[in-house]
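Order of listing sets the numbers, starting from 1, for every ligand and every atom in it. Heads up: numbering here begins at 1 and tracks the sequence.
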Amino acid sequence: MILVLNCGSTSIKYKLFSPKDQGEGFSLKARGYIDRLGSPRARFYHVDGEGEIDRDLQVKDHTDGLKTISPLIIQSAGGVEGVTGVSHRVVHGGDIKEGAVVIDNSVLEKIKDYTPLAPLHNPANLEGIEAASKYFPGAVQVAVFDTAFHQTMPPAAYIYALPFYLYKKHGIRRYGFHGISHGYVSQRARELLKPQSTPFRVITCHLGAGCSMAAVKDGRCLDTSMGFTPLEGLVMATRPGDIDPSIIYYLKEQLGMSLEEIYRLLNESSGLLGISGTSKDIRDLQKEAEEGRSNSALALEIFSYRVKKYIGAYGAVLGGMDALVFTAGIGENSPGVRRSICQDLEFWGIHLEEKRNSCMLGGKEGLISREDSPVQILVIPTDEEKAMVLESWKLLK
Ligand code: ADP
């Protein structure tokens, strides 16, 4: 069986998959999470064939968390030797191209090297790898990187117009993130639409708390909106996406803010929350906008406007488009946001079917475009764990 492990900065999520006896596919044996790791209000949820556990828990770090989880996993796997592989989601893998790699010392070094670019995530991933090696000593440890899918971008898309040595010597370039999700939904779009000819050009919109888009041609990523770090691109829950870099200089010189304060402003108090001043959640903003709160309406408008701009850019990058895919919390659940993004794009062959759009939520998958729409518009719930287990299985088999 394969344990898929996602160690975030303050959480652990996991799923245990068993390969089906007949043919391809996996069945889910157990799943769970620990939330608010390190805080006194940490919560533990686990479900398997035996039942459910849902309780408060004192867990100080990822090692401690895995110590709690591992006996339950071992029980579901019928013994520790039942877990043959552990698949770790790693946020920053730099220039590693492979979908999944066996973790050896050189891979560990790479993950460490890229820690300054993902200071909240890579250390958590490393701790998860170390703890999993301890609790599942016989299992092959595999890394699946959020950056890998974007490694097919051409230099024109990933090199910033900065002095070239910053790229050559210091690795300052666009890496892109949410790659596991973009890879999964673009592949799923291909399976659902079964294109008869090439090129098959898809624009994927991963709209959650973090948001990013990708331009994908015949399964290869040509460009993506997140950059050197996950700050660039679309408007997000608390991040601004694209801004003029001089604003940072201005905040420091004219408003006397420290770099630390600016970093926090850009990561924690901008985006939907920053504009509205009330909430980072689309549902709250929609309610407030209906009640006449103008800044909540403005936050929603700016959010959709930015996605629209990137659709235009990526249509140009791809030389046209065959499918537009929405995924993640907002993309899967908000007909209103999808409607305002697609509005007035009919000239480009994007024709939304409102009846389909309004009932496509809560994890449903399907088409939301008109029968005659040249661009097929789809909602595809992302399933990063499934994508990870498939990639890891290809490697371990
Ligand atoms: P992440 O995994 O990046 O933390 P998610 O993909 O779960 O984020 O997306 C979270 C966001 O999705 C919430 O902040 C909220 O704006 C939006 N969202 C979740 N459910 C709904 C819903 N039913 N309607 C509209 N928006 C929703």
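- The side chain to side chain donor-acceptor pair (under 3.5 Å) test applied to Glu109 returns no partner, not counting sequence neighbours.
- The residue among Gly362, Ser334, Gly329, Pro230 with a heavy atom at the shortest distance from atom 18 (N) of ligand 1 is Gly329.
- Looking only at protein heavy atoms, the nearest one to atom 23 (N) of ligand 1 is Asn333 CB, 3.5 Å.
- For a threshold of 3.5 Å applied to N or O pairs, the pair formed by Leu207 and ligand 1 contains no separation below that value.
- Counting only heavy atoms of the protein, atom 15 (C) of ligand 1 lies nearest to Asp281 OD1, 3.4 Å.
- Within a 6.0 Å sphere centred on CD of Glu130, other residues, nucleotides and ligands contribute 12 heavy atoms or fewer.
- By the 6.0 Å and 45° rule, Arg173 stacks over the aromatic ring of Tyr175.
- Relative to the six-membered ring of Tyr158, Arg174 misses at least one condition, a distance below 6.0 Å or an angle of at most 45° to the axis.
- Ranking protein heavy atoms by distance to atom 17 (C) of ligand 1, first place goes to Ile330 CG1, 3.5 Å.
- Scanning the protein for heavy atoms near atom 16 (O) of ligand 1, the closest one is Ile282 N, 3.0 Å.
- Using a 4.0 Å cut-off to heavy atoms of Gly210, the atoms of ligand 1 that qualify are 3 (O).
- When the side chain to side chain donor-acceptor pair (under 3.5 Å) test is applied to Asp64, no partner is found at least two apart in sequence or on another chain.
- Between the side chain of Arg338 and the backbone N or O of Val379, no donor-acceptor pair lies under 3.5 Å.
- By the definition of a contact as any protein heavy atom under 4.0 Å away, atom 2 (O) of ligand 1 is not in contact.
- For atom 10 (C) of ligand 1, the choice among Ala209, Pro381, Ser11 with the nearest heavy atom turns out to be Ala209.
- Ring geometry, Phe44 versus His46: the interplanar angle falls from 30° to 60°, so the pair is classed tilted.
- For atom 25 (C) of ligand 1, the nearest non-hydrogen atom of the protein is Arg283 CG, 3.4 Å.
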